[in-house]
Amino acid sequence: MLWARFILTAVMGVVLMAWVIFCGIQFIRHSRKLTAGGDFVGHVRCEKCGTEYTVKAGDFNKGFMSRYRRVTRTEVRGAAFVNRPYYSYYAKKFDCPCCGKRRYAQVLNINEINRDMREKTLKAGLHWLLLMFIGGMLILVLAGIPLSLFDRASRQQAEDMRQQRYEELKERYFGEDTD
């Protein structure tokens, strides 16, 4: 009984961890899809040749590497302190039309892009956080059913052993004729 309980708890932990990882990956994929479908245009400057050009929203998803310097600014909004990132420098690799190669280019309007995409990304994050919570609770409830059955069986087994011990002691000290 103890081994079954241990195995069920371990399986429940693995399933919960897999669910959290799945929701995190889905949030990243959803955010990348939002960025690709965004209605913004990035104004960038090639760091090698200095050419300024524009890139579409979908070009921001082509690579993961970026270089940036960021400062967090705190604003008071209502009764809460809200931290907002402010980028003094943000560069990502884009296809330069002048160089003909994929090079780092500084995004000149990154703060405006960040401000425009913030609300959509927060909604996506809350959506996946809510799904993570609901799915996690469902996993816990489903794992709790057999755990409660194991607890009930353990209590019954302990009660049976207690009753058997009581009968043995009764027989030993009072004899067999006691009813």
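- Around the CZ atom of R118, the shell of radius 6.0 Å holds more than 12 heavy atoms that belong to other residues, nucleotides or ligands.
- A side-chain donor from one of D160 and Q156 sits under 3.5 Å from a side-chain acceptor of the other.
- Neither I21 nor I139 shares a network with the other; the hydrophobic side chains, linked directly or stepwise wherever heavy atoms of I, L, V, M, F, W or Y lie under 4.5 Å apart, form separate groups for each.
- In this structure, V11 and I7 have side chains that are in contact, with non-hydrogen atoms separated by less than 4.5 Å.
- Taken from CD1 in I134 to CG in L138, the straight-line distance is 9.5 Å, to the nearest 0.5 Å.
- Between the side chains of T72 and N83, no donor-acceptor pair is found at a separation under 3.5 Å.
- C96 places a side-chain heavy atom less than 4.5 Å from the side chain of C49.
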Might you work through the side chain to side chain contact (heavy atoms under 4.5 Å, CB included) test for C46 and C98, ending with a clear yes or no?
CA-CA 9 Å; C46 179; C98 187; over 6 Å; no
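- Rounding to the nearest 0.5 Å places NZ of K170 at 15.0 Å from CZ of R165.
- Formation of a donor-acceptor pair under 3.5 Å by the W128 side chain with backbone atoms of G24 is not found in this model.
- A pairwise comparison of heavy atoms in M12 and L140 identifies SD-CD2, 3.6 Å as the closest pair.
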Does the side chain to side chain contact (heavy atoms under 4.5 Å, CB included) test come out yes or no for V20 and L16, once each step is laid out?
CA-CA 6 Å; V20 168; L16 277 171; 5.6 Å; no
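- Taking all atoms of both residues into account, the shortest heavy-atom contact from T35 to A57 is O-CB, 3.2 Å.
- Ring centroids of F40 and F60 are separated by less than 6.0 Å, placing the two rings close together.
- Across all their heavy atoms, A124 and H30 have their closest contact at CB-CD2, 3.2 Å.
- Between V107 and F94, some side-chain heavy-atom pair lies under the 4.5 Å cut-off.
- M117 is connected to Y68 through a chain of hydrophobic side-chain contacts under 4.5 Å among Ile, Leu, Val, Met, Phe, Trp and Tyr, so both are in one cluster.
- Between L8 and L147 the shortest side-chain heavy-atom distance falls below 4.5 Å.
- Ion pair D59/K62 flagged as a salt bridge, since at least one NZ, NE, NH1 or NH2 atom sits closer than 4.0 Å to an Asp/Glu carboxylate oxygen.
- Summarising the geometry of P85 relative to R70, their closest heavy-atom pair is CB-CD, 3.4 Å, with the distance given to 0.1 Å.
- By the 4.5 Å heavy-atom criterion applied to side chains, F27 and S31 are counted as neighbours.
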Evaluate side chain to side chain contact (heavy atoms under 4.5 Å, CB included) for W19 paired with M132, printing each intermediate quantity in order.
CA-CA 7 Å; W19 177 249; M132 184 187 320; 4.2 Å; yes
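- Contact check for R45 versus L108: side-chain heavy atoms found under the 4.5 Å cut-off.
- Salt bridge E112/R115: absent, no basic N to carboxylate O contact under 4.0 Å.
- More than 12 heavy atoms of other residues, nucleotides or ligands shown are found within 6.0 angstrom of OH on Y89.
- No side-chain donor from either of Q163 and E159 sits under 3.5 Å from a side-chain acceptor of the other.
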Checking side chain to side chain contact (heavy atoms under 4.5 Å, CB included) for the pair R84/E75: CA distance, chi angles, key distance, verdict?
CA-CA 8 Å; R84 302 270 188 226; E75 303 171 1; 3.7 Å; yes
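- The side chain to side chain donor-acceptor pair (under 3.5 Å) test with E47 singles out one residue from K93, R103, R67, and that residue is R67.
- Both F22 and M137 are part of a single hydrophobic cluster, where members link through side-chain heavy atoms under 4.5 Å apart.
- The pair E119-K123 meets the salt-bridge criterion, with a side-chain N (NZ, NE, NH1 or NH2) lying under 4.0 Å from an Asp/Glu carboxylate O.
- The heavy-atom pair separating Y104 from S66 by the smallest distance is CE2-CA, 4.4 Å.
- N109 places no side-chain N or O within donor-acceptor distance of the main-chain N or O of G42, the cut-off being under 3.5 Å.
- The minimum heavy-atom distance between L131 and C23, with the atom names listed, is C-SG, 4.5 Å.
- Using a 4.5 Å cut-off on side-chain heavy atoms (C-beta onward), Q26 and I28 make no contact.
- Using a 4.5 Å cut-off between side-chain heavy atoms of Ile, Leu, Val, Met, Phe, Trp and Tyr, with links allowed through other members, I110 and V41 fall into different hydrophobic clusters.
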